[in-house]
Amino acid sequence: MRRTLILLTAGAVTAAAAVVALSPTANAATTLGAAAAAKNRYFGTAVAAYKLSDTVYSGILNREFTSVTPENEMKWDATEPTQGSFSYSSADTIVNRAVANGQKVRGHALAWHSQQPPWAQNMSGTALRTAMVNHVTQVATHYRGKIDSWDVVNEAFADGSTGARRDSNLQRTGNDWIEVAFRTARAADPGAKLCYNDYNTDGQNAKSNAVYAMVQDFKARGVPIDCVGFQSHFNAQSPLPADYQANLQRFADLGVDVQITELDIEGSGSAQAASYAAVVRACLAVTRCNGITVWGIRDSDSWRASGTPLLFDGSGNPKAAYTSVLNELGGTTPSPSGSASISPSVSVSPSVSVSPSVSPSVSPSDPQTGAGCTATASVNAWNGGFVVTVKVTAGAARISGWTVGVTLPSGSAVTNTWNATASGSTFTNVSYNGGVAAGGSTEFGFQGTGSAPSATPTCTAR
Ligand code: G2I
C-alpha cells in the first residue's frame with residue numbers, strides 16, 4: 001500500500017493544531033497488486049526466468065504484481081528432461097524470488113498432454129501412468145509449502161461440441177488419470193490449492209459443461225480439487241463471453257475457488273480496456289474468485305505479441321487497459337504532483353515537503369505507530385486433520401523477524417511445517433522470510449492432526 005508521506009520539519013507548523021486534509025484519493029492503491037489486495041484478491045502475471053535480468057521487466061514485476069506463474073519453467077519438459085532426473089534451477093529462480101518478495105506462486109503445470117519431454121511422449125500404459133505419478137510427486141514435493149495453487153491437470157478436455165476428454169497419451173492410460181494426478185498432488189503438498197485449468201471454458205459451452213460435470217463428480221466422490229482455472233485468452237475469434245461471470249459463479253457454487261489464470265485480450269485502446277474492465281468486474285462479483293493472472297507483462301512478452309494483448313506496451317508503459325483494470329479494482333494512478341493539501345488555517349513554512357506515492361515510512365523521531373505485526377489464518381480442515389496457512393503482515397515499520405502463536409485444541413498436534421520452524425504451536429520465521437517490509441506480508445503453513453485451531457493467531461515482531 002503506497003501512501004502519501006508528509007514530512008513536517010520541527011517548528012514548521014505555526015498553528016497549535018495542524019490539520020492535514022488528504023485529498024479523497026490519497027489512500028487509494030496505485031498498483032494492480034495493492035488495489036487487488038484491498039479487494040482480498042491477488043493480481044499476478046506469467047514470468048519467464050530468462051527475462052528477470054531485464055530491469056524494466058523486473059521493475060514492473062516487483063511494483064505491480066502479487067502473484068507469479070512460471071510461464072514454461074515448471075512444465076514436464078523443463079523439470080524432468082530425462083526420466084528420473086529433475087531440473088529445477090529456472091523454476092527455483094522464479095519461486096525463490098517470489099517468496100522473498102512476498103508474492104504468491106501459481107504452479108503450472110503438473111500433468112499436461114503438451115510440452116512433455118520426448119521420453120514421456122514416447123510412453124504409454126502403465127509405464128506412463130507410473131511416470132506421471134512420480135513426476136507429480138517429485139515436483140509437488142520439491143515446491144511443497146511455496147505454492148499457493150497448482151495447475152494439477154491442464155487442458156484435458158476436447159474443444160468443440162462433444163464434451164469428451166482430449167485424446168492424449170495420458171488419457172489413454174485410463175479415464176482416472178486426472179483424479180490420480182489430483183490425489184497424488186494432495187499427498188505431496190497438502191497446503192497447496194489444487195486446480196484444474198483450461199481454455200475455451202470461459203463461458204457456458206459443451207467443453208465447460210464437461211469440466212463442470214467432472215468437478216461435480218470429484219466433489220461428490222471426495223477427489224481433492226480446490227479450484228478451477230479459466231485461462232481467458234481472448235481475441236476476435238474467441239471474445240469475452242457474455243456469460244463469463246455466470247460461468248465463474250456456477251463453478252464457485254460447486255464449492256471450488258475460481259481463478260483467472262492466463263488472461264490476455266488482443267486489441268488496443270478503449271475496446272481492449274473495456275474488455276479487461278469487464279473481466280475484473282466479473283472476478284470481483286464472484287466471492288470465490290481468488291485473483292487474476294495476466295499471461296505476461298509487456299505486449300512484447302506475450303506468446304502472441306502481434307495481438308498486443310497485455311497491460312504494458314513494449315517499452316513498459318502502462319496502456320489504457322492498465323488504467324482501466326486499476327480503476328476497476330478501486331485503485332488510481334498516482335497523481336503527478338503532491339496529492340495532499342494543508343488546510344488554509346495552518347501556516348506552514350516553505351520547508352514542508354510533500355512527496356507523492358512513496359512507500360509508507362516514518363521519520364526516525366516519529367513514534368512507530370502500528371509497528372509490530374499481525375497474523376491471520378486460513379484453515380482447510382477435514383475429519384481428523386487440517387492445513388493452516390498463516391499470513392504475517394508487518395505494521396507501519398519494517399520488521400526483521402516474527403513469532404506467531406497458535407492455540408491448538410487439546411488432542412491436536414502439528415505434524416509438518418513449511419516456511420517457519422515450529423516449537424509446539426509457536427512458529428518462528430526461517431532465514432529467508434523474517435524481514436518483512438512495512439505493510440508487507442509473508443506466509444507460512446502447517447499441517448496437523450485432530451481439530452483445527454479456531455482463534456486468531458498472535459504475532460510478535462523483532
Ligand atoms: O499457449 C498459451 C498458453 C495456453 N495455456 C497453457 C500455457 O502453458 C500456454 O503457455 C504457452 C507459453 O506462453 C509459451 O511460451 O505455452 C507455449 C507452449 O505450449 C509456450 O511456447 C513455448 C514454445 O512453443 C517453445 O518453442 C519455446 O521453447 O515456449 C518455449 C520457451 O520459450
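All ligand and atom numbering here is 1-based and tracks the order in the structure.
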Provide, line by line, the atom pairs where ligand 1 and the protein bring an N/O atom each to a distance under 3.5 Å; else say none.
| unit_1 | atom_1 | unit_2 | atom_2 | d |
| --- | --- | --- | --- | --- |
| ligand 1 | 5 (N) | Glu155 | OE2 | 2.8 |
| ligand 1 | 5 (N) | Gln231 | OE1 | 3.0 |
| ligand 1 | 5 (N) | Gln231 | NE2 | 3.4 |
| ligand 1 | 5 (N) | Glu262 | OE1 | 2.7 |
| ligand 1 | 5 (N) | Glu262 | OE2 | 3.4 |
| ligand 1 | 8 (O) | Lys75 | NZ | 2.7 |
| ligand 1 | 8 (O) | His108 | NE2 | 2.7 |
| ligand 1 | 10 (O) | Trp295 | NE1 | 3.2 |
| ligand 1 | 13 (O) | Glu71 | OE2 | 2.4 |
| ligand 1 | 13 (O) | Trp295 | NE1 | 2.9 |
| ligand 1 | 15 (O) | Glu71 | OE2 | 3.3 |
| ligand 1 | 15 (O) | Asn72 | ND2 | 2.9 |
| ligand 1 | 16 (O) | Lys75 | NZ | 3.1 |
| ligand 1 | 19 (O) | Gln115 | OE1 | 3.0 |

Inset, instruction - Name all pairs fulfilling the side-chain hydrogen bond (donor to acceptor under 3.5 Å, both in side chains) condition that reach into residues 131-140, sequence neighbours left out, sorted by first residue then second. - result: Trp76-His135, Glu80-His135, Asn134-Gln138

Inset, instruction - Kindly state each residue pair satisfying disulfide bond (SG atoms under 2.5 Å apart) with at least one member in residues 222-284, sequence neighbours excluded. - result: Cys195-Cys227, Cys283-Cys289

Legend entry - Qualifying disulfide bond (SG atoms under 2.5 Å apart) pairs, either residue in residues 70-150, two or more places apart: none

Inset, instruction - Identify whether NZ of Lys or CZ of Arg in Lys207 sits under 6.0 Å from the centre of the six-membered ring of Tyr199 and within 45° of that ring's axis. - result: yes

Inset, instruction - Taking the six-membered ring for Trp and the single ring otherwise, decide whether the centroids of Phe218 and Tyr196 are under 6.0 Å apart. - result: no

Inset, instruction - Scan Thr389, Asp226, Asn290 and name whichever one has a side chain to side chain donor-acceptor pair (under 3.5 Å) with Lys193. - result: Asn290

